Amino acid sequence: QVQLVESGGGFVQPGGSLRLSCAASGPIFNIHNMGWYRQALGKQRELVASITSSGITDYAESMKGRLTISRDNDKNTVYLQMHSLKPEDTAVYYCNADVSELIASDSDSVEYKDVEVWGQGTLVTVSS
């Protein structure tokens, strides 16, 4: 199965910066949209940023101007650079990807299935 592993979370003071990374591994045929979600305590999970395979990005209004999402398709990795962090940004941040998971292939054909994959989450705490 395709897996996503996040890293880069931690503790940061208000106004600080963090860079999250998420690497996909496993039987990958193709990765389509990738994104970051977050879930604060007692709140619903929400989309923070997304990026298509061609690099088109979208950001949550609440964090626009403070985020940059990028991806390295050769490394199957997506990044989230966060600036000017606020206490209300404290949450578990989850990586998400729409993946064509490889089932079988030979010289003539490829068999795959489209799946949505989630990472295990990484905690970001913004506090003084």
Side-chain angles (χ1 to χ4, degrees):
Q1 284 185 328
V2 175
Q3 293 184 324
L4 300 177
V5 178
E6 301 108 332
S7 60
F11 183 91
V12 63
Q13 292 187 335
S17 299
L18 275 179
R19 187 193 194 213
L20 306 182
S21 300
C22 170
S25 63
I28 297 168
F29 176 62
N30 199 7
I31 303 178
H32 311 289
N33 291 349
M34 302 186 82
W36 290 93
Y37 289 71
R38 70 181 182 181
Q39 187 167 20
L41 195 62
K43 295 188 177 181
Q44 289 187 332
R45 191 173 297 188
E46 61 177 354
L47 177 65
V48 172
S50 65
I51 184 168
T52 68
S53 56
S54 59
I56 298 172
T57 60
D58 191 24
Y59 298 98
E61 283 295 327
S62 62
M63 297 193 76
K64 260 183 183 177
R66 301 190 292 123
L67 297 177
T68 302
I69 188 171
S70 60
R71 62 192 283 175
D72 185 332
N73 291 330
D74 291 334
K75 295 181 179 179
N76 292 328
T77 300
V78 63
Y79 306 96
L80 185 69
Q81 179 70 53
M82 302 186 289
H83 304 281
S84 303
L85 285 165
K86 306 174 183 179
E88 52 262 43
D89 295 321
T90 295
V92 178
Y93 284 71
Y94 296 91
C95 179
N96 172 273
D98 295 320
V99 179
S100 292
E101 186 176 281
L102 183 65
I103 298 174
S105 67
D106 57 29
S107 58
D108 298 320
S109 64
V110 175
E111 184 180 359
Y112 63 89
K113 63 177 180 179
D114 291 326
V115 296
E116 181 181 31
V117 187
W118 289 91
Q120 81 286 355
T122 185
L123 177 62
V124 172
T125 303
V126 185
S127 176
S128 54

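FYI, the numbering just counts along the sequence from 1. Computed from a predicted model, the values in this text were never measured in an experiment.
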- Message: I'd like to check V2 versus S25 (side-chain heavy atoms, cut-off strictly below 4.5 Å). Are they in contact?
- Response: no

- Message: I need the L18 CG to L85 CG distance, nearest 0.5 Å.
- Response: 6.0 Å

- Query: When S50 is tested against each of T57, D58, I56 for side chain to side chain contact (heavy atoms under 4.5 Å, CB included), which residue passes?
  - Reply: D58

- Query: For V78 and M34, which heavy atoms make the closest approach, and how far apart are they?
  - Reply: CG1-CE, 3.7 Å

- Message: Is there a side chain to side chain contact (heavy atoms under 4.5 Å, CB included) between Q1 and V115? Walk through the geometry before answering.
- Response: CA-CA 10 Å; Q1 284 185 328; V115 296; over 6 Å; no

- Give a yes-or-no answer on whether the side chains of S100 and D114 include a donor-acceptor pair shorter than 3.5 Å. yes

- Which heavy-atom pair separates I51 from S70 by the least distance, and what is that distance? CD1-CA, 3.9 Å

- Nearest non-hydrogen partners of R71 and I31, listed with the distance: NH2-O, 3.3 Å

- Contact check, side chains of V124 and M82, non-hydrogen atoms, under 4.5 Å: yes

- Task: Sorted by first residue and then second, give each disulfide bond (SG atoms under 2.5 Å apart) pair with at least one member in residues 36-90; sequence neighbours left out.
- Result: none

- Interatomic distance, W36 atom CH2 to M63 atom CE [nearest 0.5 angstrom]: 12.0 Å

- How far does CG of N73 sit from OG of S53, to the nearest 0.5 angstrom? 7.0 Å

- Query: Using the ring of each side chain (for Trp, its six-membered ring), is Y94 parallel, tilted or perpendicular to W118, with breaks at 30° and 60°?
  - Reply: perpendicular

- For residues P14 and S128, report the shortest heavy-atom separation together with the two atoms involved. CD-N, 3.7 Å

- Test side chain to side chain contact (heavy atoms under 4.5 Å, CB included) applied to Y59 and T68, step by step: CA-CA 9 Å; Y59 298 98; T68 302; 4.2 Å; yes

- Query: Is the backbone N or O of V126 less than 3.5 Å from a side-chain atom of T90, with the two atoms forming a donor-acceptor pair by type?
  - Reply: yes

- Path from Y112 to I28 over hydrophobic side-chain contacts below 4.5 Å: no

- Item | Side-chain donor-acceptor pair present, S127, T125, cut-off under 3.5 Å | no

- Item | Where S84 and S17 come nearest, the two heavy atoms and their spacing | N-OG, 4.4 Å

- Note on the structure: The complete set of salt bridge (Lys or Arg N to Asp or Glu O under 4.0 Å) pairs with one or both residues in residues 83-94, sequence neighbours excluded, reads R38-D89, R66-D89

- Message: With a 4.5 Å cut-off on side-chain heavy-atom distances among I, L, V, M, F, W and Y, is there a chain of contacts connecting V12 to V92?
- Response: no

- Item | Spacing of L80 atom CG and E6 atom CD [to the nearest 0.5 Å] | 11.0 Å

- Message: side chain to side chain contact (heavy atoms under 4.5 Å, CB included), that's the test. Do D72 and Y79 meet it? Break it down for me.
- Response: CA-CA 8 Å; D72 185 332; Y79 306 96; 4.2 Å; yes

- To the nearest 0.5 angstrom, please state how far the CG atom of L20 sits from the CD1 atom of I69. 10.0 Å

- Message: For the CG atom of L4 and the OG1 atom of T77, what is their distance to the nearest 0.5 Å?
- Response: 10.0 Å

